[in-house]
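What follows is one structure encoded as structure tokens, with my remarks underneath.
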Amino acid sequence: MRKGLLRAVKRVVIKIGSRVLTDSDGALDMAVIGRICDEIAVLRQQGFEVIVVSSGAIAAGRSELGLMDKLRTIPHKQAAAAVGQTRLMMAYENSLAHNSLKAAQVLLTSEDLGSRQRFLNARATLDALLGFGIIPIINENDTVVVDEIKFGDNDNLSALVTNVAEAHLLLILTDIEGFYSADPNIDPDATLIPLIKGITREVERAAGGSGSKVGTGGMATKVAAAKKAGKNGVATIMVSGKRSGIIVAALQGQEVGTLFLPSDIGLNRRKHWIAYTLKPSGKITVDDGARNALLKKGKSLLPSGVVQVEGRFERGACVRVCGVDGIEFARGLSDYSSAESGRLVGCKSSEIDGILGYHYGDVIIHRDNMVIL
Ligand code: GLU
């Protein structure tokens with residue numbers, strides 16, 4: 001089964017976590033980086049296009065500055081990332097150069113990918129780099145981000161990059177063999193699960209929370225990343241990056257680690273961007289009739305079904321759509337700003353012009369700009 005799936009893979013995003021890249025002292029592990037780059041070179045020879053999403057900047061900076069326990073504030077972490085990012089890139093450059101390959105640094109923020117124009121610019125740049133045979137090494141631009149505009153973690157970033165780069169596979173390198181039935185550090189009966197056909201609530205529950213001291217992710221964020229990539233029709237393979245030969249083995253279709261199959265109905269890429277890349281800036285609560293029309297009948301959201309508008313947003317912003325129970329069930333781009341939508345609550349579409357003195361159309365959120373979650 002894996003071999004069949006991999007036959008369709010040409011472009012792969014490899015996400016490498018801090019725990020893979022650092023040694024027991026928390027410094028960059030040059031031997032591991034060297035081995036990973038050797039394997040990337042093998043993939044290139046086999047005709048794969050490779051994009052790397054690499055963590056390790058903060059860890060490298062922390063060790064370089066000798067600040068093992070002192071990174072308490074965000075500016076301290078950002079300073080460490082700024083120091084470490086150059087070390088990280090140097091390590092990749094040197095190790096790739098051994099294999100006659102070149103690296104390029106790409107630093108992104110969530111706001112970058114939230115702008116459709118910048119998103120498309122990033123896509124075009126990645127395409128050009130791959131066209132030159134260069135290995136893009138992507139990280140979050142840690143210097144300029146604070147929590148609200150962060151990707152959260154590089155697992156999330158890697159899933160978004162599969163969409164930006166129109167990649168066919170996400171390979172997550174972490175420090176355990178794959179996805180286990182329970183936490184193998186706690187439960188001796190935990191078994192490795194080679195195939196996850198769908199990311200159900202049980203799978204998410206088994207993934208638990210983050211347990212890492214270096215890096216921000218954990219099993220939960222990896223499963224969330226696999227789910228996001230899967231919504232885009234992209235499969236994820238999670239393996240231990242500490243194992244030699246694992247990258248090549250995974251791409252050959254050997255039964256290593258855990259394969260997460262994509263969901264059957266992949267969202268198209270624009271809808272994926274709406275659902276997962278954009279940060280919602282408001283909330284629209286709708287009545288049961290409208291909820292039903294959106295969920296079951298594939299309709300657009302009309303002002304008549306809106307009961308409340310919260311938050312401040314401009315026309316075109318991404319908003320959460322919630323039922324009266326408060327549960328979000330859809331997300332979309334609003335055709336009206338929060339101020340305008342607030343005035344249109346409960347009205348008929350034919351009344352919009354009379355209320356606002358102008359109108360942008362009959363709907364608050366058009367079906368084409370909406371994703372059911
Ligand atoms: N961007 C961070 C770094 O390079 C890592 C974030 C993460 O591991 O999720 O250190």
Side-chain angles (χ1 to χ4, degrees), residues 13-23 25-30 32-33 36 51-93 103-113 122 136-162 164 170-176 207-229 236 238 240-242 276-277:
V13 174
I14 305 183
K15 190 268 164 177
I16 314 174
S18 300
R19 276 184 281 180
V20 174
L21 294 171
T22 49
D23 58 23
D25 297 331
L28 285 180
D29 188 333
M30 297 303 169
V32 168
I33 297 178
I36 288 174
I51 296 168
V52 172
V53 173
S54 179
S55 304
I58 296 176
R62 176 190 284 143
S63 130
E64 181 73 22
L65 297 171
L67 296 173
M68 296 319 278
D69 298 315
K70 293 206 187 109
L71 295 184
R72 262 174 247 122
T73 67
I74 290 176
H76 282 180
K77 286 193 186 139
Q78 290 175 313
V83 171
Q85 180 64 27
T86 60
R87 302 322 189 255
L88 187 63
M89 282 312 297
M90 218 186 317
Y92 279 113
E93 269 178 27
Q105 169 179 269
V106 178
L107 298 178
L108 296 172
T109 69
S110 165
E111 282 192 335
D112 292 334
L113 298 190
I137 314 276
I138 303 178
N139 198 355
E140 176 148 35
N141 192 351
D142 289 306
T143 312
V144 295
V145 292
V146 286
D147 272 354
E148 308 83 81
I149 57 163
K150 256 175 108 56
F151 290 109
D153 52 74
N154 274 4
D155 295 319
N156 182 34
L157 171 59
S158 66
L160 300 177
V161 167
T162 61
V164 179
L170 173 60
L171 178 65
I172 298 183
L173 304 188
T174 184
D175 62 346
I176 60 170
S210 151
S212 161
K213 286 193 250 9
V214 271
T216 49
M219 196 47 73
T221 58
K222 286 171 185 57
V223 167
K227 187 171 179 179
K228 271 184 197 174
T236 297
M238 186 194 301
S240 165
K242 296 281 187 191
Y276 297 114
T277 303

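Residue numbers count from 1 along this sequence. Start at 1 and go down the list; that is how both ligands and their atoms are numbered. In this text the structure is predicted, and so the values were computed from the model without any measurement.
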Practice item. Compare all side-chain heavy atoms of Ile14 with those of Leu173 and state whether any distance is below 4.5 angstrom. Key: yes
Study note, to complete from the structure: Sorted by chain and number, sequence neighbours left out, side-chain contact (heavy atoms from CB on, under 4.5 Å) with Ala81 holds for Ala57, Ile58, Asp142
Point to revise | Contact check: Glu140 vs ligand 1, nitrogen or oxygen atoms, below 3.5 angstrom | key: no
Review point. Backbone or side chain, does any N or O of Gly56 fall under 3.5 Å from an N or O of ligand 1?
Key: yes
**Study point:** Results of side-chain hydrogen bond (donor to acceptor under 3.5 Å, both in side chains) for Asp23 - residues two or more places apart only
**Key:** none
Check your understanding: Numbering the atoms of ligand 1 from 1, which are under 4.0 Å from a heavy atom of Ser55?
Key -> 4 (O), 5 (C), 7 (C), 8 (O)
Check your understanding: So, are Asp175 and Lys242 salt-bridged, with charged N and O less than 4.0 Å apart?
Key -> no
Check your understanding: Out of Ala80, Ser18, Ala57, Ala60, whose heavy atom sits nearest atom 3 (C) of ligand 1?
Key -> Ala57
Check your understanding: Quick one: which ligand 1 atoms are inside 4.0 Å of a heavy atom on Asn154?
Key -> 1 (N), 5 (C), 6 (C), 7 (C), 9 (O)
Review point. Between Lys15 and ligand 1, does any nitrogen or oxygen pair lie at a separation below 3.5 Å?
Key: no
Exercise for review: Of the side chain and backbone of Asp153, name the one, both, or neither that has a heavy atom under 4.0 Å from an atom of ligand 1.
Suggested key: both
Point to revise | Within reach of ligand 1, part of Leu88 (heavy-atom separation under 4.0 Å) | key: neither
Point to revise | Test item: side-chain donor near acceptor, Asn154 and Glu140, under 3.5 Å | key: no
Review point. Without hydrogens or angle criteria, can the side chains of Asp155 and Ser158 be said to hold a donor-acceptor pair below 3.5 Å?
Key: no
Check your understanding: Any side-chain donor-acceptor pair under 3.5 Å between Lys228 and Asn156?
Key -> yes
**Study point:** Ile138 vs Leu108, side-chain contact (heavy atoms from CB on, under 4.5 Å): CA-CA, chis, key distance, verdict
**Key:** CA-CA 7 Å; Ile138 303 178; Leu108 296 172; 3.9 Å; yes
Exercise for review: Could you establish whether Gly17 and ligand 1 come within less than 4.0 Å of each other, counting only heavy atoms on the residue side?
Suggested key: no
Exercise for review: Would you check the N or O atoms of Ser54, main chain and side chain alike, for any that come under 3.5 Å of an N or O of ligand 1?
Suggested key: no
Practice item. Looking only at distances, please establish whether an N/O atom of ligand 1 is found under 3.5 Å from an N/O atom of Asp155. Key: no
Exercise for review: Run the numbers for me: atoms of ligand 1, each under 4.0 Å from some heavy atom of Asp142, listed by number.
Suggested key: 1 (N), 2 (C), 3 (C), 4 (O)
